[in-house]
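These values consider heavy atoms only, across backbone and side chains, with no hydrogens, waters or symmetry-generated copies. When a residue number appears, it is its place in the shown sequence, counting from 1. Read the numbers this way: they start at 1 and go in the same order the structure lists the ligands and their atoms.
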Amino acid sequence: MRRYHVTTFGCQMNAHDSERIKGMLEELGLGEARAQDEADVIVFNTCTIREKPDQRFAAHLAQAKALKGRDPEKVIAVGGCYAEAQRERLFELYPYVDVAFGPGSIPHLGEWIGAGGLGVPRGGFGLDERSFAGGLPMHRERRFQAWVQISMGCNSKCSYCIVPSVRGREQSRRPGEVLAEVEQLARDGVREITLLGQNVNSYGRDLLPEIRTDFGELLRACDAVEGIERIRFTSPHPKDFRRPVIEAMAKCDSVCEHAHLPLQSGSTRILKAMRRTYSRERYLRLAEEMRAAIPDLALTTDLIVGFPGESEEDFEQTVTAVEEVGYDAAFTFVYSPRRGTEAAVMPDQVPEELKHERIERLIEVVQRVAEARNRQRIGRIEEVLVEGPSRTDEAVLRGRTRRNTTVNFSGTAAAGELVSVEIEGATSTTLRGTTVAAVAA
Ligand code: 5AD
Ligand code: SF4
């Protein structure tokens with residue numbers, strides 16, 4: 001049997017795309033290889049959001065090139081956002097790549113890889129003829145949890161971001177299609193879904209009037225599907241987080257008490273240059289409003305340091321915003337200029353050294369705040385969805401709370417079960433505890 005291997009970089013959207021890439025390859029009769037060197041078809045699903053993932057991909061690709069040098073029959077396919085961003089130059093840069101495809105053209109991958117004989121054309125992108133891959137076969141990585149794509153593309157114009165140029169304009173998936181998929185997942189035993197889109201709360205604005213549905217309504221409809229116990233979503237844009245969605249979060253039992261709300265910077269001046277279209281004050285008001293409406297809400301965020309023109313005062317505003325909001329977790333990034341974006345050609349680029357000094361200071365604050373938040377959970381009973389054994393100790397179980405914190409705990413339970421865990425310890429990233437009972441279904 002011919003075998004494939006897929007390496008995935010980047011966000012959850014990409015991880016989900018990889019499930020469909022794998023599903024398509026399996027439909028072509030290929031099986032999954034454990035490692036790259038055992039595969040006949042080597043696929044990379046790439047990311048280009050920052051320069052760092054580009055570099056990691058380059059290192060992986062060099063290894064695949066060496067494998068192909070030894071066995072020219074091997075097929076190398078490069079998909080995803082980096083492939084799309086480099087569509088003009090990809091085959092020039094990497095002549096040993098056989099197939100290249102953008103995130104919008106996964107449905108065509110089968111034709112390009114070619115059934116059986118693997119007669120490989122050097123194809124194809126196609127952001128212009130994007131289509132949802134909803135009906136495609138899917139190789140789901142996890143039995144009790146699933147991603148559901150609700151939209152693709154992004155209409156925002158954040159000045160640092162390359163996503164709109166690689167994933168195109170926003171296009172919402174029809175609500176009937178989304179719900180049919182959620183219902184099918186529930187029948188398959190899935191208990192937790194994560195709705196995916198570049199900006200989930202602008203969902204539905206492009207739908208025809210007959211089927212127009214906003215994100216709040218979509219949450220309510222998913223909440224009504226029996227068997228789905230937990231609903232998550234990522235990512236919302238703070239500018240579009242309105243009352244109806246907050247109300248849906250508060251009212252729907254299955255919608256988890258967690259929002260990932262990317263702040264990017266705590267300085268209104270920098271937010272303006274980033275074209276985020278909200279101010280520090282408006283964001284803080286939104287966070288407060290959400291906390292008031294949704295008891296026990298966890299908030300997480302993305303932060304960029306060293307955006308062009310960021311002064312010490314601007315940076316300190318980010319630090320104080322982290323303290324004021326009290327994030328449960330935050331991803332911190334050093335600003336990375338991306339070709340073709342507005343910010344890449346702005347004057348006053350911040351020197352690398354200063355960016356790194358700032359990110360280290362920021363990480364310290366993020367960890368301190370997150371640890372304090374996690375310590376507040378000690379003594380409480382949390383509902384945990386069991387994911388399996390812990391990564392470091394087979395005898396310990398691992399799962400997640402509704403607030404999306406990882407818990408390592410002792411007790412006996414099977415993956416996919418909901419259990420009650422008493423929290424006994426906390427670090428900045430994880431909780432520790434012991435099961436007290438299974439949660440009644
Ligand atoms: N440089 C650094 N971080 C970036 N992000 C997006 N573009 C860039 C960039 N050019 C971050 C943002 C976004 C997350 C997915 O990646 O914080 O929310
Ligand atoms: Fe995801 Fe953006 Fe990276 Fe593409 S560029 S994989 S959308 S984070």
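- Distances between N or O atoms of Tyr160 and those of ligand 1 include at least one value under 3.5 Å.
- Applying the ring-ring contact (aromatic ring centres under 6.0 Å, His included) criterion to Tyr283, with sequence neighbours excluded, gives Tyr278.
- Side chain to side chain, Thr234 and His260 fail the donor-acceptor criterion of an N or O pair below 3.5 Å.
- Counting the atoms of ligand 1 from 1 in the order shown, those under 4.0 Å from a heavy atom of Val334 are 1 (N), 2 (C).
- A heavy-atom separation below 4.0 Å is not found between Val163 and ligand 1.
- The side-chain contact (heavy atoms from CB on, under 4.5 Å) test applied to Gln55 returns Glu51, Lys52, not counting sequence neighbours.
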Set out, in order, the CA-CA distance, both residues' side-chain angles and the distance that settles ring-ring contact (aromatic ring centres under 6.0 Å, His included) for Phe9 and Tyr82, then state yes or no.
CA-CA 10 Å; Phe9 302 88; Tyr82 175 79; 9.5 Å; no

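- Contact atoms of ligand 1 toward Arg338: 10 (N) (distance under 4.0 Å to a heavy atom of the residue).
- Distances below 4.0 Å separate heavy atoms of Gln264 from the following atoms of ligand 1: 12 (C), 13 (C), 17 (O), 18 (O).
- With ligand atoms numbered from 1 in the order given, ligand 1 contributes 3 (N), 4 (C), 5 (N), 12 (C), 17 (O) to contacts under 4.0 Å with heavy atoms of Ile304.
- Under 3.5 Å, the side chains of Gln264 and Tyr160 contain a donor-acceptor pair of N or O atoms.
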